Amino acid sequence: MLGCAMGVAALGMAVPWLADLAGRLDYAAVAVALACLGIGFGIAATAASVALLASSPQEEAGGAAAVEEISYELGGAMGVAAIGSLAGVLYRNALPALDLPAPLSARLRDSIGEAAVVSGEIGGPAGAHAMHEATRAFTAALGWSFLAAAITLLLSGLIGHHLIPKNYKPTEPPH
């Protein structure tokens with residue numbers, strides 16, 4: 001169950017990348033991605049929680065729940081940081097050299113938000129071109145970052161699938 005749920009979540013992470021490759025990254029693709037992520041993570045978190053708590057002695061269930069909660073929070077924070085850092089690096093590398101003064105070019109590479117500010121300051125066709133290139137680089141960076149997250153989810157799902165014994169019944173014996 002855990003491995004399949006992680007696979008559904010991985011599909012949700014891969015959808016933006018696939019949609020961008022197809023040239024159709026729209027609200028429908030984002031909705032499908034969010035639905036897959038919600039279903040996959042919801043089932044995976046429940047399955048992991050049940051497996052952890054059911055395998056813990058009853059007198060240590062509180063400690064096991066605390067470990068589970070801190071692992072969930074820490075894993076989420078580290079995942080967001082890793083995906084965001086990767087996206088930032090990929091954004092900077094995907095942004096082509098534009099015919100701009102060095103200070104403006106450096107600000108443009110800072111973030112997509114700063115690129116919007118710089119593009120507005122430049123104005124006209126040059127500003128529109130700078131924003132177009134920044135948007136293209138940002139979308140590509142996020143797509144590749146989501147693909148990396150999808151692969152990580154698939155690998156963790158496979159590891160979880162192989163680590164949990166096939167005959168494991170978390171409802172026996174009950175606490």
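All values below come from the heavy atoms of this structure, side chains included, with hydrogens, waters and symmetry mates left out. Source: prediction; values computed, not measured.
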Main-chain N/O of A148 paired to T152 side chain as donor or acceptor, under 3.5 Å:
yes
Cluster link F146 to L90, ILVMFWY, side chain under 4.5 Å:
no
More than 12 heavy atoms of other residues, nucleotides or ligands under 6.0 Å from CG of D99: is that the case?
no
Heavy atoms of G157 and M6 approach each other most closely as CA-CB, 3.6 Å
Looking only at non-hydrogen atoms, find the nearest pair between A149 and I83 and report the distance.
CB-CD1, 3.6 Å
When every non-hydrogen atom of S111 is compared with those of Y91, the smallest separation belongs to O-OH, 3.6 Å
Test side chain to side chain contact (heavy atoms under 4.5 Å, CB included), reference V15, set L25, L37, V32, L34, output is V32
How close do A5 and A44 get, counting heavy atoms only, and between which atoms?
CB-N, 3.5 Å
Co-membership, hydrophobic cluster, residues L104 and M131, 4.5 Å side-chain:
yes
Treating T139 as the side-chain partner and R136 as the backbone partner, does any N or O pair qualify as donor plus acceptor under 3.5 Å?
no
Should F138 and V118 be counted in the same cluster of Ile, Leu, Val, Met, Phe, Trp and Tyr side chains packed under 4.5 Å apart?
yes
State whether the side chain of R107 and the backbone N or O of P103 hold a donor-acceptor pair below 3.5 Å, judged by distance alone.
no
If you take all heavy atoms of A87 and L142, which pair is closest and at what distance?
CB-CD2, 4.0 Å
Applying a strict under-4.5 Å side-chain criterion to I, L, V, M, F, W and Y, I'd like to know whether L155 and L147 cluster together.
yes
When you look at S119 and L108, which way does the side-chain contact (heavy atoms from CB on, under 4.5 Å) test go after all the steps?
CA-CA 8 Å; S119 297; L108 195 74; 4.2 Å; yes
Nearest 0.5 Å please: distance from the CG atom of L52 over to the CD atom of E69.
11.5 Å
